[in-house]
Amino acid sequence: MKIELNNTADQLTYPNEIQVSQFYDDVINGLSAPNKYLQSKYFYDVNGDKLFQRIMELKDYYPTAAEMDIFSDKTDLLISAITANNEEEFDIIELGAGDAIKSQHLLKSLIKDKISFTYIPIDISKNITDFLSISLPVAIPDIKIEAINADYLSGLEIALSRSTNKKIILFLGGNIGNMEPHAAVQFCKEIQSSMAPGDKLILGIDLKKNPKRILSAYNDSTGVTKEFNLNLLTRINTELGADFDTSSFDHYASYDPISGACKSFLVSLKKQVVIIRNEVVNFEKNEVIFMEISQKYSPNEISHLAQLSGFKLTAALYDGEHDFTDVVWTVE
Ligand code: AVI
């Protein structure tokens with residue numbers, strides 16, 4: 001099933017005033033910093049969602065196919081890691097569910113095995129939660145679904161308050177990589193502290209590998225990743241009334257194979273001034289805006305992350321190429 005992202009005017013989810021003022025503050029803070037930056041969570045407006053769908057279909061962008069390989073080929077291993085012969089009803093909570101295309105393999109197999117669960121996808125995009133509430137019961141008859149339209153942590157709080165069932169939390173797609181390593185530890189600790197003994201987290205993490213392969217994934221030959229980054233400038237123009245000339249910025253990706261940090265930047269191609277409402281932002285020629293980190297981990301670094309955040313490693317599944325891993329961590 002492929003998600004159809006609607007773009008007719010009545011189906012768009014327009015940001016409310018609070019969201020717009022937070023967006024404005026974050027943009028101004030980032031562009032006033034000595035080293036300019038923008039937050040990658042703002043990539044995902046309606047057009048950004050579509051561009052990310054296109055990225056996931058690129059040959060260069062291996063993480064999606066690699067994780068799909070794990071969910072489609074290792075479903076039985078995943079099921080035994082999460083159920084561990086436990087017959088109790090449980091909740092599967094997916095943080096940032098998107099089109100749920102990978103988790104559907106797991107959901108279908110659980111239904112086929114007559115294992116009882118409720119699926120709770122959480123997504124910041126109402127377009128997506130509405131879509132899942134309608135389409136999943138068609139694709140997977142008998143599924144119990146309670147979608148929540150919220151960000152990761154507030155959605156998780158709502159989901160946890162709804163039932164006392166055992167919880168399996170899914171955080172897939174390598175989204176953890178979009179946090180700086182120290183923030184990833186904090187995030188995992190926060191999730192761990194909201195879970196009960198026996199609850200499990202399935203975390204999708206992109207692995208360190210041949211640096212050239214990683215760099216090509218973020219510097220694709222078709223230029224979609226460049227468009228994806230520039231789209232945030234267009235979003236700032238549309239939603240915050242700015243006057244970025246996107247043709248005066250280029251995209252640059254870098255990867256440090258030692259730290260595992262893959263970083264994306266936009267580079268100002270000339271000395272220029274951009275106006276955002278009443279704020280004036282000056283760019284020197286070749287000055288960069290740091291746009292996104294996509295952190296890569298080694299298996300040892302992943303074990304360390306589990307330890308630091310208080311989880312016990314239950315299983316680690318890999319795709320055939322060992323490009324990507326889905327780990328199952330348990331709260332003891
Ligand atoms: C959503 N996230 C895991 C993607 C990544 O690989 O960091 C976002 C992305 N940025 C550029 N390409 C894909």
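Heavy atoms only: backbone and side chains are in, while hydrogens, waters and symmetry mates are out. Along the sequence shown, residues carry numbers from 1. Note that ligands are numbered from 1 as they come in the structure, with each ligand's atoms numbered from 1 the same way. Just so we're clear, the structure is a prediction, and the values are computed from it rather than from any experiment.
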Task: I148 with I128, same ILVMFWY side-chain cluster at under 4.5 Å - done: no
Open item on the list: Are Y62 and F324, when compared by the centres of their aromatic rings, separated by less than 6.0 Å?
Closed with: no
Task: Validation row, ring centre F43 to ring centre F228 under 6.0 Å - done: yes
Task: Y218 and Y255: CA distance, side-chain angles, deciding distance, ring-ring contact (aromatic ring centres under 6.0 Å, His included) verdict - done: CA-CA 9 Å; Y218 294 87; Y255 176 61; 8.8 Å; no
Got an N/O contact under 3.5 Å between [X] and ligand 1?
X	result
T225	no
Y44	no
K296	no

Task: Heavy atoms of other groups near E89 CD, more than 12 under 6.0 Å - done: yes
- [ ] Can you establish whether the number of heavy atoms outside D25 located under 6.0 Å from its atom CG is more than 12?
- [x] yes
Hey, which atoms in ligand 1 end up nearer than 4.0 Å to a heavy atom of [X]?
X	result
G173	3 (C)
N175	1 (C), 2 (N), 3 (C)
N178	1 (C), 2 (N), 3 (C), 4 (C), 5 (C), 7 (O)
G174	3 (C)

Open item on the list: Is it true that T222 and D220 share a donor-acceptor pair across their side chains at a distance under 3.5 Å?
Closed with: yes
TODO: Could you tell me whether ligand 1 has any atom less than 4.0 Å away from a heavy atom of Y61?
DONE: yes
Task: Closest protein heavy atom to atom 7 (O) of ligand 1, given as residue, atom name and distance to 0.1 Å - done: S294 OG, 2.6 Å
TODO: Can you pull out the closest protein heavy atom to atom 8 (C) of ligand 1? Residue, atom name and distance to 0.1 Å, please.
DONE: E292 OE2, 3.4 Å
Task: Ion pair D323/R213, N-O distance below 4.0 Å - done: yes
Task: Under-4.0 Å heavy-atom contact with ligand 1, by part of F43 that carries it - done: neither
